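Note that these values count all heavy atoms, side chains included, but never hydrogens, waters or copies made by symmetry. In what follows, every chain begins at residue 1, and chains take the letters A, B, ... in the order their sequences are listed. Model, not experiment: these values are computed from the prediction.
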Amino acid sequence: MASVTLEGITKRYEDVTAVDDMNLEIEDGEFVTFVGPSGCGKSTTMETIAGLTLPTEGTIEIGGRDVTNLPPKDRGISMVFQNIALFPHMDVYDNISFGLRLRKYEQEEVDRRVEEAADIVQLEGMMDRMPSEMSGGQRQRVAIARAIVRNPDAFLMDEPLANLDAELRVHMRTQLQRLHRELDTTIIYVTHDQAQAMTMSDRIAVINSGVLQQVAPPLECYNEPANLFVAGFIGSPAMNFIEGEVVDDGFESVYTQIDFDPETHGVSPGQEITVGIRPEDVFLEADSRKAASPTKAFDAVVDVIEPMGKEVNAYLLFDRDVEASAEGRGEGQLLINLAPDTEIAEGDDIRIVMDRENVHLFDRASGDAITHSLE
Amino acid sequence: MSADPTADESADGDDPTVEMAEQAKADEPELDRGLVEAWAAKMISNPDRAYRATFYVATIFFLVTTLFPFYWLLVVALTPRNNLSEVGVFLPAGFNPAAFIEVFQTLPFHRYVFNSFLIATIATVAVLLVGSLAGYVFGRLRFRGRNAMLLLVLVTSFFPPAAFFIPLNRLFNTNVDVLRPLISAGSLYNTPYAIFIPLSAIFLPLSIFILMTFYSQIPDGLEDAARVEGTTRLGALFRVIVPLSAPGVATAGVLTFISVYNEYFFSSLMTDGRPGSWAPMLEGILRFQGEFEVLYNLMAAASIVAVLPVAILVVVAQEKIVSGLTTGAVKE
């Protein structure tokens with residue numbers, strides 16, 4: 001068990017900067033998830049922590065020890081890989097005990113530890129199977145057993161659930177959380193799936209284009225995103241964005257107008273800003289009492305309805321002339337989340353209000369958040 | 001052969017080609033066909049027979065051309081020395097199995113075979129070791145100048161081996177004082193090194209290419225996993241990458257072994273031909289050729305004896321290659 005500290009980690013390949021000046025402190029026993037779109041540098045960051053690639057600049061400390069230039073085997077870490085990476089020519093026992101045998105542990109100690117690890121991931125009685133004879137979930141459990149058997153200071157998990165089917169993925173997700181509770185070891189987890197990041201982590205590190213965007217507990221990332229990228233990436237369905245500018249008495253875009261005092265929020269008239277509103281923070285005018293502090297109502301047309309069971313997603317257009325884009329999230333469009341019993345039909349003219357307490361303002365030039373509530 | 005299902009169909013009479021043939025027969029009842037024409041018509045109406053026939057013809061042809069020389073070697077070996085001028089094509093003129101014993105009595109032929117075997121083994125180990133390191137570097141690492149270096153390795157194999165002979169021969173005949181404690185004369189001439197060093201170098205590029213191809217196929221994740229679990233890069237190579245590339249390693253090893261064992265040019269020139277001077281098997285065979293008489297029967301017997309170790313090795317390695325392939329080692 002140990003803390004992990006990244007200081008000014010930068011990784012440059014010939015002309016690409018994969019990771020740019022990353023600073024991060026992960027506490028002992030914490031479960032931190034690196035999340036971001038494909039190619040954002042989250043895997044590269046993890047590889048530098050593992051020692052599989054060396055950073056161009058910066059230092060890495062694990063448990064207070066500078067490990068920047070140590071080979072992977074001397075860093076006290078273990079890793080679970082996206083493609084599982086069991087050694088195909090070894091049976092389960094040999095796979096799990098590989099690291100212990102390399103470190104010349106006594107045979108009895110190896111047996112005891114392997115049994116213990118297999119017990120934790122429920123692999124009893126499969127010790128002499130070959131990886132090719134096992135299902136995806138079983139192989140994944142062997143990989144986890146191989147990682148925990150050495151009692152490492154920190155676990156690194158690089159999209160360990162990406163290759164499993166949906167049902168198994170949810171199952172393994174709860175298993176991993178239980179494992180973290182039992183072992184109480186630092187876990188660094190990489191995923192592009194914000195749902196996994198939200199559900200499992202103590203803190204999320206959102207990364208885009210090699211730059212750390214926000215490091216915060218999941219709900220803080222959701223409720224108070226630091227910038228436009230985090231706001232759009234965390235949450236499903238994603239936040240709506242409306243581009244417009246600050247006027248004397250609030251915000252104005254082509255189709256909407258929200259009143260607020262620019263001075264109290266530190267913006268000045270003429271500034272280009274983006275309003276962000278989550279689908280669940282928009283209500284029909286008739287239900288406006290559900291909003292803590294409703295804005296004034298806007299006209300909209302229902303374009304497409306998606307009943308999800310526990311809720312209804314409705315794609316709205318602010319005007320009948322708006323050309324609906326394929327994903328329904330372009331200019332003049334809005335996705336809202338309604339109670340399942342709401343009586344609306346495609347083509348209806350409706351009036352909607354937003355909850356002022358959950359209206360986010362972002363500076364369009366920098367993308368940074370200005371405020372997360374207009375109240 | 002894949003002919004079976006269609007053959008069944010034609011037996012049922014449902015095959016359109018058969019119907020066509022029957023119709024043709026009905027249409028031209030008067031036509032009087034010769035033997036060859038009838039055979040050709042049969043083949044056209046039922047092409048599977050033609051394919052099967054050509055398959056057997058080709059197989060038998062290749063079997064005869066590869067195995068008959070061995071058979072004829074046996075024929076010559078069994079022919080008694082006095083009847084050598086009357087040796088037949090299919091049957092020996094007489095029966096003298098004692099030639100296989102005489103081979104070892106006339107000369108210490110076993111020593112020649114041992115010399116060759118040892119030289120080939122050392123060369124194979126050296127080639128696999130160096131080839132593995134080079135194959136790892138070329139197959140799995142990216143660095144500036146990789147292609148240029150690969151080309152350079154290739155270029156070595158472009159030269160005819162004879163081009164290296166004169167400089168190497170002079171070099172190996174030079175007395176190097178440093179070597180004196182190791183080698184009695186202080187020069188490499190008449191030592192196994194004189195043969196295995198140049199031959200290893202000549203056969204190395206091929207092995208590098210074979211191993212490079214195999215090693216580059218191993219998923220990166222496996223190497224990373226091994227390194228995180230506690231090996232160095234070198235450890236990952238020999239504990240994970242090499243075992244998973246067993247078929248490739250066996251192929252490169254067998255090719256190198258056979259090439260070195262059977263090599264003629266360097267083998268015949270780098271020693272003085274005496275068994276104590278590490279002269280290889282080939283020199284032994286040539287020694288049955290005296291000034292006044294050539295003992296063809298003993299040469300033939302010696303050739304057969306010399307082939308045996310390699311044949312056994314290949315059969316054993318073959319099993320390894322096949323088992324390596326069938327366990328589906330690299331399947332993720």
> Is it true that atom CD of A:E25 has more than 12 heavy atoms of other residues, nucleotides or ligands lying nearer than 6.0 Å?
Replying inline: no
>> Does any backbone or side-chain atom of A:F87 lie under 4.5 Å from a heavy atom of chain B? Answer side chain, backbone, both or neither.
In response: both
> Of the non-hydrogen atoms in A:A85 and B:A225, which two are nearest, and what is the gap between them?
Replying inline: O-CB, 3.8 Å
> With only heavy atoms counted, which part of A:R75 is less than 4.5 Å from chain B, the side chain, the backbone, both or neither?
Replying inline: neither
> Could you state the interatomic distance from CZ (B:R239) to CE (A:M90), rounded to the nearest 0.5 Å?
Replying inline: 8.0 Å
>> Would you say CD of A:E167 has more than 12 non-hydrogen atoms from neighbouring residues, nucleotides or ligands within 6.0 angstrom?
In response: no
> Once you round to the nearest 0.5 Å, how far does CG of A:L102 lie from CD of B:E229?
Replying inline: 8.0 Å
>> So for atom CZ, which belongs to B:F238, do other residues, nucleotides or ligands contribute more than 12 heavy atoms lying within a distance under 6.0 Å?
In response: yes
>> Side chains of A:P72 and B:D224, heavy atoms from C-beta outward: is any pair under 4.5 Å?
In response: no
> Heavy-atom count around A:Q82 CD within 6.0 Å, excluding the residue itself: above 12?
Replying inline: yes
> Is the count of non-hydrogen atoms from other residues, nucleotides or ligands lying under 6.0 Å from B:F62 atom CZ greater than 12?
Replying inline: no
> Taking side chain as C-beta onward, heavy atoms only, is B:V228 less than 4.5 Å from A:R150?
Replying inline: yes
> Crowded around A:E182 CD? As in, over 12 foreign heavy atoms under 6.0 Å?
Replying inline: yes
> Got B:T232 and A:P71 here, is their nearest side-chain heavy-atom distance under 4.5 Å?
Replying inline: no
